[in-house]
Amino acid sequence: MRVGYLITGPQREMRNDNLYPLILKIILLSGMSAVALWAMIILIGMEEYWLVGALAAGVLCINFVFLNRRAYPFRYILPGLIFFVAMVIFPLVYTVRIAFTNFGTGHFLTKRRAIEVLEGRYYRPQDPVRYTFQAFQNEAGALRVILTTIDGDSFISDAEQLIAVDLSQVRFIDDNNDGLIDRFDGYRRLTRMEIFRNLAALERLRLSKDEYIVKMTSPAEFTRFHQRFRYDPIEEVMIDLKTGTIYRPQYGIFTSAAGERLTPGFKADIGWRHFREILHNPAISRPFFRVFYWTFLFAGLSVVTTFALGLFLALTFNDPLLGGKKFYRSILIIPWAIPGFISVLIWAGLFNTEVGIINQLIGHRIPWFQDPFLARTALILVNLWLGFPFMMTISLGALQSIPHELHEAAYVDGASPWQRFHSITFPLLMVSLAPLLVGSFAFNFNNFALVFLLTGGGPHIPGMPGAAGATDILISYTYKLAFGGGGWGIQYGLASAVSIIIALIIGTISLINFKLSGTFKEVTIDV
Amino acid sequence: MKKFITLLLSFILLVGITGTVGASVPGVLTIWADGTRAQILEPIAAEFAAAYGIQVIVHEIGFGELKPKFLIAAPAGEGPDILIGAHDWVGELTAAGLLAQIHLKPEEKELLSPVGINAFSWGGELFGFPYIMEAVALFYNRALVPVPPTTFEELITIARKLTDPEVGKYGFLWDAANFYFTFPFLSASGGYVFGVDEYGALNPRDIGLANEGAIRGGELILRLVKERIIFPGVDYGVMAGLFTAGRAAMIINGPWFISDVRAAGIDYGIAKLPTIDNNVMRPFVGVHGFMINSLSRNIVIANYFLRTYVFTKEIQLQIWRADPRIPTFLPAFLSPEVQADPDVKAIGLSAADGIPMPNIPEMGAVWAVMGAALGHIITTELSPAEALTAAVEAIKGLIRY
Amino acid sequence: MFRRSSLPRRISKHLIIWVFIALVFFPIAWIFSASLNPANTLIGQELIPPNANWDHFVNLFTNPRHPFGRWLLNSVKISGITAILTVAMGALAAYAFSRFRFRGRRTGLVTMLLVQMFPSMMAMVALFLFLQRIGGLVPWAGLNTHAGLILIYLGGALGFNAWLMKGYFDTIPRSLEESALIDGATPFQAFIWIILPLVRPILAVIAILTFIGTYGDFLLPSILLTGTEQYTFAVGLRLFIVGEFDTRWGIFAAAALLGALPIVIIFLLLQDFIVSGLTRGAVKG
């Protein structure tokens with residue numbers, strides 16, 4: 001049944017002997033390639049070689065797919081695929097890459113930027129020399145400054161140099177004899193307002209004179225500085241010009257022989273260090289399996305409970321004679337429409353042990369968020385409230401894909417409602433809903449916001465190292481490790497390593513599960 | 001479907017797909033601030049722009065998102081010139097190389113409170129202009145507590161009388177499982193977060209949260225639980241809600257709460273935290289200030305804007321009127337207008353006893369672990385000594401480098 | 001369904017539904033209560049707070065610092081475009097996966113599904129850097145642009161969305177297109193004219209899923225967008241509650257309630273498509 005046209009797409013297309021589509025296609029493809037070429041040239045200028053490569057590969061792919069008949073099915077997939085690769089695969093590869101670096105607090109900058117920051121550090125000599133200044137600009141917009149010390153010595157800037165100058169030379173003209181030079185060599189003195197407008201350019205001036213640097217320190221003065229650090233690109237060391245100390249890069253931070261470190265550090269490769277750390281540090285690894293077990297349980301229970309309720313309501317609605325359906329349905333999706341973070345916080349208030357309405361209705365002080373089991377129960381209940389409208393909606397959609405004839409036939413055969421549901425409706429629903437349920441599982445697997453806002457992962461279990469609590473799922477636990485709970489600010493590298501390990505485990509389990517349950521079996525119904 | 005698409009297309013035309021830059025551009029001063037600060041700064045920035053011909057753009061960003069966003073944007077060269085935030089970010093941002101050092105002349109330094117300067121210093125250098133500080137104090141409902149207690153024993157006596165959870169009346173509450181609010185209990189008898197090394201820098205290897213004094217503080221919390229004055233499950237939201245509803249007599253909270261209490265129409269007072277066995281409760285002091293991005297292309301302009309424009313008595317008073325917290329700019333703080341405010345005075349007294357919140361990145365581990373430990377004390381699952389000792393071990397396990 | 005239900009059955013159905021409506025409204029009543037409470041607390045003791053007033057709602061529309069209408073418009077625009085393009089690209093891919101047999105098909109399907117389970121901790125940083133580069137090339141699609149944000153959301157067109165559609169497409173009998181193909185239509189024509197009208201329910205479901213998902217997302221836009229004029233509803237909403245301690249629950253609750261309206265409206269518009277299968281008898285094969 002499924003051979004036939006399924007593989008004959010290209011031939012079918014050939015039957016279309018109209019030439020215009022082909023010409024149009026070639027024009028569009030060449031146009032696109034031209035734009036891509038233009039972009040590549042710009043990117044080469046920006047030194048973004050990775051992107052140039054990616055773009056070239058993308059364009060070749062598109063041309064190949066649209067010109068080669070054997071790649072016909074890919075013409076349908078390609079538009080989505082391009083975005084998928086750029087926005088999903090690329091971050092994933094980046095995450096893997098980061099897992100092998102120390103990216104995080106203290107190591108946010110690239111090495112190049114860190115060197116830039118360090119080389120941009122200056123110190124004032126023992127006896128700081130300050131200059132007042134006048135700024136000048138010529139027709140072409142070039143800026144020059146004349147600096148004057150408190151002793152009356154004058155200097156003029158010439159590109160990056162500062163040169164001593166005698167202001168009584170004839171080329172310096174003081175139009176109104178107020179003691180200030182107004183113009184020279186086609187340069188005109190800037191007013192105070194004009195100085196402010198050019199402040200950013202003046203600020204960038206680094207004028208060198210002898211062994212020191214003169215730069216702007218306020219809109220009224222320049223000051224003499226010494227450069228503090230210089231990077232030697234051949235030896236790959238940072239030299240402290242003040243003390244002569246040599247700093248070598250070590251795990252992303254310039255470190256002296258005596259162990260003194262220069263901040264900022266930079267992002268550096270540290271190999272498998274994070275992975276070893278995860279295995280060997282009990283503060284990280286001990287809660288891992290407990291959290292792991294609960295994550296699966298939580299995601300599984302969430303899917304089962306929300307689906308059961310959602311399907312129940314969808315079946316209730318699936319009655320042509322039921323009045324007010326449209327109204328009911330729209331009302332019941334409201335939990336889905338309200339931003340999750342407010343409803344979760346409201347639920348946290350309703351479940352509050354001391355003042356919560358739920359405890360007042362029950363008439364007991366139930367320690368919802370202090371007892372591990374109750375906290376987990378509350379989490380599942382709140383997620384049921386949040387999640388059933390989604391399940392109801394997809395079930396409504398899926399119920400429509402079931403051919404009516406099947407029900408009619410079964411009805412005629414005298415099957416009971418439960419028999420019809422059990423042996424016809426449900427199996428057919430699962431055909432189109434199974435992937436959605438898998439998707440819902442994956443969503444809840446990473447449902448950070450719910451856990452974080454409702455219980456914060458708590459209650460903490462006495463004796464557990466670190467901050468992992470009874471309701472922590474893998475992603476909230478990873479978050480705790482990455483942001484603060486890791487002991488040293490933000491640790492993207494460590495968090496990435498944890499997420500790789502999680503992904504490997506999920507991937508393996510899911511693959512085995514798929515193989516066993518046969519989610520990939522093709523289902524076709526031919527009526 | 002067609003109608004729907006038409007509808008959307010008209011939206012696109014209406015709004016247009018446009019973008020403005022949120023990052024440091026030469027000659028344009030960009031500031032990132034939270035709502036409170038952005039609101040105050042916008043008119044000030046407009047005045048500066050008019051006076052000096054330099055455009056100043058203030059972007060409002062949620063307080064909780066300022067630091068994470070800055071940490072992603074700034075290293076890529078997309079950060080603002082000025083960031084307004086809390087002093088406990090300084091360690092992390094400086095270690096990342098993202099803050100420009102600030103050189104104050106001695107006469108400029110004299111105008112700022114030493115607590116503020118200290119809070120924004122890291123490794124002996126200054127990395128921000130402090131402008132306000134805050135600390136928690138005792139808020140009390142005058143209708144229920146006419147005279148605030150000065151010792152903890154007094155407080156317990158008053159609270160016992162006023163507490164009846166069956167009718168929803170509470171004498172004394174606070175967010176006890178939150179280390180920020182509970183720290184004064186631990187610090188009163190000598191508990192501390194990080195010790196100080198011989199150079200005056202915080203030493204993350206010396207943790208004083210399970211010493212004798214800290215445990216004594218823990219015992220006091222346990223006593224309050226056992227006497228049924230405080231209850232598990234009371235968090236910040238519950239406490240704030242009960243106080244504004246007039247059902248909690250005394251709470252521990254900070255100046256940010258004042259406007260809500262006023263809106264609720266509660267006749268409130270603010271007092272210094274009471275003493276425990278003649279020892280003062282030392283709250284964390286938080287300082288807010290202006291920091292300059294080290295990769296900014298407008299460092300001179302930013303410095304000029306802050307020094308000669310924002311840090312003037314007139315502007316600081318203007319800021320204070322819009323958001324009454326304790327100014328660290330002394331000419332503003334000492335002005336009669338500020339001194340006459342009883343709330344500022346009470347919170348100022350509390351802050352004077354306080355300890356600046358540690359600004360080193362290791363603090364991250366402390367927040368998470370201590371929250372869990374306090375939870376165990378309140379639920380009486382663990383004794384204070386057990387909970388605090390385990391917490392210190394856990395913190396040490398997390399601080400590895 | 002085919003069978004007609006009796007009157008008592010229908011009454012019990014109404015009752016069941018009203019029970020759930022009550023459960024739905026139970027927490028929402030408290031959100032509403034918070035939006036009337038001038039004291040900015042989320043956990044009020046009384047359903048009608050003392051000094052209750054509409055100030056927060058008024059403030060929402062009169063305070064120029066919080067262009068609430070603009071935020072809603074931004075969100076509807078971004079979510080709407082994302083939803084339409086996602087459905088378009090997802091349906092194309094789903095058709096190929098459902099109807100063609102080619103090398104890499106199974107692998108592709110499995111990869112799409114598994115990859116989205118990966119907790120991509122660094123996605124934010126990666127996408128930030130990526131968009132910065134794009135902005136260097138095409139300024140209107142870089143950082144702090146809505147177009148750039150939409151580009152990123154389109155990464156979700158494959159993955160679960162295509163999966164779901166593929167599952168639904170598989171339930172459409174092939175015999176329907178075959179007759180068209182024999183009549184000389186191209187597979188693309190068959191897709192447009194025969195398949196698409198039959199799969200409207202799943203298209204509507206995906207559109208709603210994408211719309212709501214995009215509408216409620218605040219992580220990406222809060223990092224990629226800067227400035228109140230550019231913010232989406234979710235980011236703007238967060239401004240009220242991510243204060244250090246001073247959370248403005250009242251105005252937040254008011255905004256959250258009003259912000260839910262576009263979603264309810266979209267659902268009202270699209271639910272006819274979801275149940276349109278009921279009337280599709282005419283095209284049955």
Side-chain angles (χ1 to χ4, degrees), chain A residues 105-110 113-114 116-118 120-121 124 193-194 196-204 216-219 263-266 277 281-283 345 348-349 352-356 365 367-370 456 458-460 462-467 469 480 483-490, chain B residues 26-28 52-54 68 71 74-75 77 91-92 94-98 101 103 123 165 168 231-235 237-238 241-242 294-295 297-301 303-304 307 361-365 367-369 371-373 375-376 378-379 381-382 386-387 390 393-395 397-401:
Chain A
T105 294
H107 304 275
F108 270 108
L109 301 177
T110 57
R113 271 245 209 250
E116 221 173 274
V117 167
L118 285 170
R121 271 195 197 155
R124 288 170 210 239
M193 274 308 273
E194 285 170 324
F196 272 98
R197 227 166 288 145
N198 288 290
L199 220 46
L202 290 166
E203 179 179 340
R204 273 200 298 276
M216 186 182 223
T217 41
S218 88
T263 51
F266 49 89
E277 167 103 43
N281 187 342
L345 288 168
N352 188 279
T353 307
E354 199 53 32
V355 297
R365 280 204 165 70
W368 286 107
F369 296 128
Q370 288 83 47
H460 182 254
M464 255 309 147
K480 281 184 179 174
F483 296 92
W488 171 253
I490 296 173
Chain B
V28 178
Y52 294 92
I54 292 171
L71 278 170
E92 203 173 328
T94 311
L98 296 173
Q101 199 185 324
H103 305 275
F231 303 88
V234 172
D235 57 13
V238 173
L242 288 171
S294 67
L295 298 172
R297 279 157 280 191
N298 304 301
I299 291 184
V300 169
I301 306 177
N303 263 292
Y304 186 77
R307 267 167 225 252
E362 282 86 350
M363 198 58 193
W367 292 122
V369 172
H376 293 316
I378 297 159
T379 53
E381 276 171 291
L382 294 178
E386 283 167 352
E393 284 314 305
I395 295 167
L398 287 170
I399 301 175
R400 293 148 294 149
Y401 302 121

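Every chain is numbered from 1 and lettered A, B, ... according to where its sequence line falls, protein lines coming before strand lines.
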Exercise. Is there a side chain to side chain contact (heavy atoms under 4.5 Å, CB included) between B:His103 and A:Arg124 once you walk through the steps?
Worked result: CA-CA 11 Å; B:His103 305 275; A:Arg124 288 170 210 239; 3.8 Å; yes
For this session: Carefully, step by step, assess A:Leu199 and B:Asn298 under the rule side chain to side chain contact (heavy atoms under 4.5 Å, CB included).
Result: CA-CA 8 Å; A:Leu199 220 46; B:Asn298 304 301; over 6 Å; no
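With respect to chain A, the highest number of heavy-atom pairs below 4.5 Å among B:Ile301, B:Leu382, B:Thr379 belongs to B:Ile301. The candidate from B:Gly27, B:Pro68, B:Ala387, B:Pro165 with the greatest count of non-hydrogen atom pairs under 4.5 Å with chain A is B:Pro165. Heavy-atom pairs under 4.5 Å with chain B peak, among A:Pro367, A:Ala200, A:Ala201, at A:Ala200.
Checked by atom type and distance alone, the side chain of A:Arg113 pairs as donor or acceptor with a backbone atom of B:Pro75 at under 3.5 Å. Within the 3.5 Å criterion, the main-chain N or O of B:Gly233 finds a donor-acceptor partner in the side chain of A:Asn352. When atom types are taken as modelled, the side chain of A:Glu203 and the backbone of B:Val300 share a donor-acceptor pair closer than 3.5 angstrom.
Of all non-hydrogen atoms in A:Pro264 and B:Gly97, the two that sit nearest each other are CB-CA, 3.3 Å. When every heavy atom of B:Pro232 is checked against every heavy atom of A:Thr353, the shortest pair comes out as O-CB, 4.2 Å.
Considering only residues two or more places apart in sequence or on other chains, A:Arg204 meets the salt bridge (Lys or Arg N to Asp or Glu O under 4.0 Å) condition with none of them.
If you take CD1 on B:Ile378 and CD on A:Gln370, they are separated by 9.0 Å, rounding to the nearest 0.5 Å. B:Phe231 contributes atom CZ, which lies 6.0 Å from atom CZ of A:Arg365 (distance to the nearest 0.5 angstrom).
Proximity to chain B (any heavy atom under 4.5 Å) is shown, for A:Pro459, by neither the backbone nor the side chain. For chain A, the nearby parts of B:Glu92 are the backbone and the side chain; heavy atoms of each come within less than 4.5 Å. Looking at B:Leu71, both its backbone and its side chain come within 4.5 Å of chain A, counting heavy atoms on both sides.
Two residues are said to be in side-chain contact when any heavy atoms from C-beta on lie closer than 4.5 Å; B:Leu295 and A:Leu109 meet this criterion.
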